[in-house]
Trainee: 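Below you'll find the structure I mean.
Since the structure is predicted, the reported quantities are computational estimates derived from the model, not experimental observations. Values below: all heavy atoms of this structure, side chains included; hydrogens, waters and symmetry mates excluded.
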Amino acid sequence: VLTAEDKKLIQQTWGKLGGAEEEIGAEALWRMFHSYPPTKTYFPHFDLSQGSDQIRGHGKKVVAALGNAIKNLDNLSQALSELSNLHAYNLRVDPPGFSLQFLSQCLQVTLATRLGKEYSPEVHSAVDKFMSAVAAVLAEKYR
Amino acid sequence: MVHWSAEEKQLIASVWGKVSMEECGAEALARLLIVYPWTQRFFDNFGNLSSPTAIIGNPKVRAHGKKVLTSFGEAIKNLDNLKGTYSKLSELHCEKLHVDPENFRLLGDILVIVLASHLGRDFSPVCQAAWQKLVGVVAHTLAHRYH
């Protein structure tokens, strides 16, 4: 459960990204494709070479969705409702909590490389909980 | 047997050369106990684990973290014989410690994040990939002798 403190830390951390959100999204995806090659199976229609427009574009989408979720931490279910439908009925990415955890790991690594010590244990915990909560909402309608 | 390319070995060694085993081990274990509080179930006799500050400052956590990472160092020196290297440790974690192997995966992922926070941009995507592979293989090998 996201505590008030967690929510504050998440919002603060997102605030520190200073406009680099899109780069971060693209980097997180790139790392994910490298560390977890099976995740590429969901993107056979993409140019997956480094710096590809499609990776940048998709990274931007993902980060925008996360940013929106962060503005609506008190009501994630509603904020992510459309995305939840999309993942359940169209995309059918392997049950979130499995594949989405790879994105969570890579997003956190990306954040940690940029924030260094500021990616403290407390921030780490809050972000991890947040990503779990997002995955849970996205999985709600799977069956 | 897992195959390690020359590049992977080099990436693993270069990261290992840049970090303090003691610091990273302590930090990784502390984060495990903070981010996944249920893992504290294995450390009832460690004393005060009541808050992130307590956990980070706890000397038993630091000492144990160092032990765990020292063992990781052994793995890195023996990439071509991980099963042999970890055979006894695997039995220990199963028979005496009763640790669900899922926890090895959690600790491995946390270690990668700790390395990322210490090394910054130097922890490139290819570095991360080599290390995710390493922690995955270590976790798998530690579970290997479970029965």
Trainee: Which atoms of B/L119 are under 4.5 Å from chain A, going by heavy atoms: the side chain, the backbone, both sets, or neither?
Mentor: neither
Trainee: Got a sec: does the CD of A/Q78 have more than 12 other heavy atoms crowding it under 6.0 Å?
Mentor: no
Trainee: Heavy-atom distance under 4.5 Å between the side chains of B/Q132 and A/Q105, does that happen here?
Mentor: yes
Trainee: Tell me whether the count of non-hydrogen atoms from other residues, nucleotides or ligands lying under 6.0 Å of NE2 in B/H144 goes above 12.
Mentor: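 No, not enclosed.
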Trainee: Shared ILVMFWY cluster between A/Y42 and A/V63, side chains joined below 4.5 angstrom?
Mentor: yes
Trainee: Which distance, rounded to the nearest 0.5 Å, do you find between the CD of B/E27 and the OG of A/S120?
Mentor: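 One finds 9.5 Å between CD of B/E27 and OG of A/S120.
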Trainee: Would you say the side chain of B/Q128 lies within less than 4.5 Å of the side chain of A/T113, judging by non-hydrogen atoms?
Mentor: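 SC-SC contact between A/T113 and B/Q128 ruled out.
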Trainee: Answer yes or no: are there more than 12 heavy-atom neighbours, outside B/K60 itself, under 6.0 Å from its atom NZ?
Mentor: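 Counting other residues, nucleotides and ligands, NZ of B/K60 exceeds 12 neighbours.
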Trainee: Under a 4.5 Å heavy-atom cut-off, does chain B meet the side chain of A/T110, its backbone, both or neither?
Mentor: neither
Trainee: Would you say NZ of A/K60 has more than 12 non-hydrogen atoms from neighbouring residues, nucleotides or ligands within 6.0 angstrom?
Mentor: no
Trainee: Once rounded to the nearest 0.5 Å, what's the spacing between atom SG of B/C127 and atom CZ of A/R31?
Mentor: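 One finds 8.5 Å between SG of B/C127 and CZ of A/R31.
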Trainee: Does any backbone or side-chain atom of B/I56 lie under 4.5 Å from a heavy atom of chain A? Answer side chain, backbone, both or neither.
Mentor: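 Side chain only.
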Trainee: If you count heavy atoms of other groups shown closer than 6.0 angstrom to CG of A/N90, is the number above 12?
Mentor: yes
Trainee: Among A/K129, A/M32, A/R114, A/E27, who wins on heavy-atom pairs under 4.5 Å with chain B?
Mentor: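 Answer, by heavy-atom pair count under 4.5 Å with chain B: A/R114.
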Trainee: Among A/S35, A/A126, A/S125, which residue has the highest count of heavy-atom pairs closer than 4.5 Å to chain B?
Mentor: A/S35
Trainee: Report yes if the side chains of B/H118 and A/K117 come closer than 4.5 Å at any heavy-atom pair, otherwise no.
Mentor: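 Heavy-atom side-chain distance check fails, nothing below 4.5 Å.
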Trainee: May I ask you to test the B/I113-A/H124 pair for a side-chain heavy-atom distance under 4.5 Å?
Mentor: yes
Trainee: Please determine whether the number of non-hydrogen atoms from other residues, nucleotides or ligands lying under 6.0 Å from atom NZ of A/K61 exceeds 12.
Mentor: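 No, the 6.0 Å shell around NZ holds no more than 12 heavy atoms from other groups.
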Trainee: Crowded around B/K133 NZ? As in, over 12 foreign heavy atoms under 6.0 Å?
Mentor: yes
Trainee: Please look at A/Y36 and chain B and tell me whether the side chain, the backbone, both or neither of the residue comes under 4.5 angstrom of a heavy atom of that chain.
Mentor: side chain
Trainee: What residue in B/G136, B/P125, B/A130, B/A129 has the most heavy-atom pairs under 4.5 Å with chain A?
Mentor: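 Ranked by contacts with chain A, first place is B/P125.
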Trainee: Please say whether more than 12 non-hydrogen atoms of neighbouring residues, nucleotides or ligands are located less than 6.0 Å from NZ in B/K67.
Mentor: no
Trainee: I'd like to check B/R105 versus A/Q101 (side-chain heavy atoms, cut-off strictly below 4.5 Å). Are they in contact?
Mentor: yes
